[in-house]
Amino acid sequence: MDFTSLFLPCARKGLIKPLHALLLVSGIGNDFFCSNKLVSMYAETGDIQSSRCVFNQIPRKNTLSWNFMISGYVKNGYFREAINCYNQLLTNSGVRPDFFTFPVVLKSCEVLQDGRKIHCYVLKLGFECDVFVGSSLIHMYCKFGDVGDAFKTFDEMPLRDLGTWNAMIAGFCQNGKAAEALGVFEEMTKQGVRMGAITVSSVLPICAPLDDLLLGRLIHNYSVKNGFECDVFVSNALINMYAKLGRAREANRVFEYMTCRDLVTWNSMVAAYEQNNDPLAALKIFSGMKENGQQPDVLTLLSLASIAAQRGDTRSGQTCHGFILRRGWTTEDMLAENALVDMYAKLGNIDYAENVFDGMPVKDVISWNTIITGFAQNGLADEAIEHFHLMAKCDGIMVDQGTIVSILPAFSHVGALLQGMVIHGITIRIGLLHDVFVGTCLIDMYAKCGRLTEANRLFSEVPRKSPVPWNAIISSHGIHGNGKEALELFKQMQEEGVKPDHITFVSLLSACSHTGLVDDGQKYFRDMRRVYSLQPNVKHYACMVDLLGRAGHLDAAYQFITSMPVIPDASVWGALLGACRIHGNVQLGDLASDKLFAIDSENVGYYVLLSNIYANVGEWNRVDRVRSLAKDRGLRKTPGWSSIEVNNKVHVFFMGNQSHPQCEDIYRKLGILLAQMKSLGYVPDYSFVLQDVEEEEKEFILTSHSERLAIAFGIINLPLQTPIQIFKNLRVCGDCHTATKFISLIIKREIIVRDSNRFHHFRDGTCSCGDYW
DNA sequence: TTAGGGTTAG
């Protein structure tokens, strides 16, 4: 009887064991052909034990026996065993590997070293010309990120088939080399090789990083014409391509058209809406997924966690966390935990984020970047910096692009120029200076640490095809009070063909606002919609209120708010309240604060502003009322402080600080300065004293404001020629502003004050802001 | 009687 025809049907029905027994009874179980086939079939059905057992019993194994065994291991995920088996084949089998051996064994390499060794042996046997072997080598090198050797192998191949091209394109693409992948793709087309479905799904992922929607659409078209749309890989790749290019609707069209959807399809569509800021649509897809009986996996939960964060929905965030814990996904790899850290940080629950982070048995660079970003974005720059230093002490964790863009904003926030410069050095060392995001963060850091010249220099070096670095440099000039330059840069941006985005206008409008360029600001606000087809959002409206309010057009600002097509949020009313503080308008201040307390009763800043407005006009009863209101709600005033970097150390001063070792010197210096200032015409402005006390005490209060302590400390400790640069966490006080102008005249040095709002460069008795801020 | 190349993340 011929048993060969029985193997396949038996395997399909899971009847290999009975067949094996039958073969043994028939006396041909140990037949060479049957044994090899059994090794293969057992492995095919997942029974690797039996497969190995039969294999071991073959007395004189041929190459085919070995190939089946190795392939069996690989198919069942036993990569180490596959490599061991291959090594046994080389050392003591008496037979040699053939063309079929290498593609399989290359797949099982878990370290580059193994792959290289195999490559050497391939060369020794002269097998490198085989298309299958060559393609597998390309794949192996790319898997370990060695695209150089992959391309070398590719380049030297005398013959290539579609699989070879696919391997090289996918390899470049998976290593983030989209341009190179496109190059190979174009070469392939030039040589007349037509894309197959696999090529299509390899090429589609490069469209997003190249920002090439046209290419994506062309390939989509080609796929439809060639019937590839039925291929689930192709459709999934199309969904992802459209989603990443911001076309959630088109992604959904592909999704709707699909007759057969798999887990990747559902995940991709959920992620498509999630990444395009449509959490509700994403949740709808997720419901569809459940209705279709598709079980979620860890990637589904990643999207769900991000959706929870977007919606500010702590409760569903915790549900995600619980689900992940129950499935045991936190132990599998760091993916899920990193996502949870990110989610909790974005929800503002930084304690939870830190808990998850601390509980991670193994942390990778993404874990560290995520927690650093989390702290920084929750305003905890010190904690961010502390974790950055902890990270540096960890073995095997290397600073990457993500680390740099997460830590630089923290340094910018506290004005730690020297530490920021160290990062600049690292950037150069690891070759990231021409990365647009790193470059942009450096521009921002230098600008916020007072080095606008350095920011300009960097701007001239980074690639500037995207609006991102332009936004940074425009905003830099804005905070330094160079409104005209900001407008000039905006013009230049358009001359270079860079399309402004929403953030460009936030930077531009606030630059106008800081410099009092009311007409320009209004013009650009109108142009946003008319010329650039950008719909202003609530942030832009807040900028406009700020622009009008700061310039003293308080009624116009209020009128503007009442005519807004979007619901004004705290930033809008906050801008109005701030303007009321500057211009002493109690009535509108009352109105704005009523609105603010209704929207966000927890923000202590609004209570302080309102009480300042009352104090300014001497309405001490109302001051007390506001203060006790804040106190009843458990809010405490953010204490004002100023810092200065001297000898690589940041010194922090609070108002009336008496604990500094050089305290006596500082107050003596301030006393001398006060006398000199008065002789030059300085008159203290007591309206900035927010306590109802005697005049003499008022003078002392003003003199011991934190910014003055820091300036005096700088005068005492910094070399004569160096500018004195201080950082204040709140807005600089008006009287200190006047005083600093006098001080700059007396000591003949430049004084730079960065407050929570902008920069003030004091020189020879004047300030760069022209007293407008 | 055997083989390679494809889609989802931070």
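Lettering of chains follows the sequences in order, A, B, ..., and the numbering in each one begins at 1. Bear in mind that the values here come from a model prediction, so they are computed numbers and not experimental data.
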Among [options], the one nearest [X] by side-chain distance:
| X | options | answer |
| --- | --- | --- |
| A:Asn338 | B:dG10, B:dT7, B:dG5 | B:dG10 |
| A:Thr164 | B:dT8, B:dG6, B:dG4 | B:dG4 |
| A:Phe233 | B:dG5, B:dT2, B:dT7 | B:dT7 |
| A:Ala237 | B:dT7, B:dG10, B:dG4 | B:dT7 |
| A:Asp231 | B:dG6, B:dG5, B:dT8 | B:dG6 |
| A:His139 | B:dG6, B:dT7, B:dG10 | B:dG6 |
| A:Asn267 | B:dA3, B:dT2, B:dT8 | B:dT8 |
| A:Phe68 | B:dT7, B:dG10, B:dT2 | B:dT2 |
| A:Asp161 | B:dT8, B:dG4, B:dT2 | B:dG4 |

(message) Around atom CZ of A:Phe286, are there more than 12 heavy atoms from other residues, nucleotides or ligands closer than 6.0 Å?
(response) yes
Quick one: label [X] by what it contacts on the DNA or RNA (base, sugar-phosphate, nothing), any heavy atom closer than 4.0 Å.
| X | answer |
| --- | --- |
| A:Ser202 | sugar-phosphate |
| A:Ser136 | sugar-phosphate |
| A:Lys75 | sugar-phosphate |
| A:Ala170 | sugar-phosphate |
| A:Ala243 | nothing |
| A:Val200 | nothing |
| A:Gln174 | sugar-phosphate |

Could you tell me the separation between the [atom1] atom of [X] and the [atom2] atom of [N], rounded to a whole number of Å?
| X | N | atom1 | atom2 | value |
| --- | --- | --- | --- | --- |
| A:Ile118 | B:dA3 | CD1 | P | 17 Å |
| A:Lys143 | B:dG5 | NZ | C1' | 13 Å |
| A:Leu89 | B:dT2 | CG | P | 19 Å |
| A:Trp66 | B:dT1 | CH2 | C1' | 19 Å |
| A:Leu38 | B:dT1 | CG | P | 16 Å |
| A:Lys244 | B:dT8 | NZ | C1' | 7 Å |
| A:Met241 | B:dT8 | CE | C1' | 15 Å |
| A:Ile70 | B:dT2 | CD1 | P | 16 Å |

(message) According to side chain to side chain contact (heavy atoms under 4.5 Å, CB included), who are the partners of A:Val122, at least two apart in sequence or on a separate chain?
(response) A:Phe102, A:Ile118, A:Phe127, A:Glu128, A:Val133, A:Leu137
(message) Side-chain N or O of A:Lys107 versus OP1/OP2 of B:dA3: is the shortest distance under 4.0 Å?
(response) no
(message) Given 3.5 Å as the limit, does a donor-acceptor pair link the side chain of A:Asp364 with the main chain of A:Ile366, or not?
(response) yes
(request) With sequence neighbours excluded, give me every ring-ring contact (aromatic ring centres under 6.0 Å, His included) pair touching residues 150-183 of chain A. (result) A:Phe151-A:Phe154, A:Phe151-A:Phe172, A:Phe154-A:Trp165
(request) Please step through side chain to side chain donor-acceptor pair (under 3.5 Å) for the pair A:Thr199 and A:Asn166, ending with a clear verdict. (result) CA-CA 5 Å; A:Thr199 325; A:Asn166 293 344; 2.8 Å; yes
Check this for me: does the side-chain of [X] come within 3.5 Å of the base of [N] through a donor and an acceptor?
| X | N | value |
| --- | --- | --- |
| A:Asn236 | B:dG6 | no |
| A:Ser201 | B:dG6 | yes |
| A:Asn369 | B:dG10 | no |

(message) Between A:Phe55 and A:Trp66 (judged by ring centroids, cut-off 6.0 Å), do the two rings come close enough to count as a pair?
(response) yes
(request) Using the six-membered ring wherever Trp is involved, compare the ring planes of A:Tyr73 and A:Tyr78 and label them parallel, tilted or perpendicular (cut-offs 30° and 60°). (result) perpendicular
(message) Strictly below 4.0 Å, N to O, side chains only: are A:Arg80 and A:Asp114 in salt-bridge contact?
(response) yes
(request) May I ask you to decide whether A:Asp297 forms a salt bridge with A:Arg327, counting only side-chain N to carboxylate O separations under 4.0 Å? (result) no
(request) Please list, by residue number, the residues of residues 97-106 of chain A whose heavy atoms come closer than 4.0 Å to an atom of DNA chain B; answer none if no residue qualifies. (result) A:Phe99, A:Phe100, A:Pro103, A:Val104
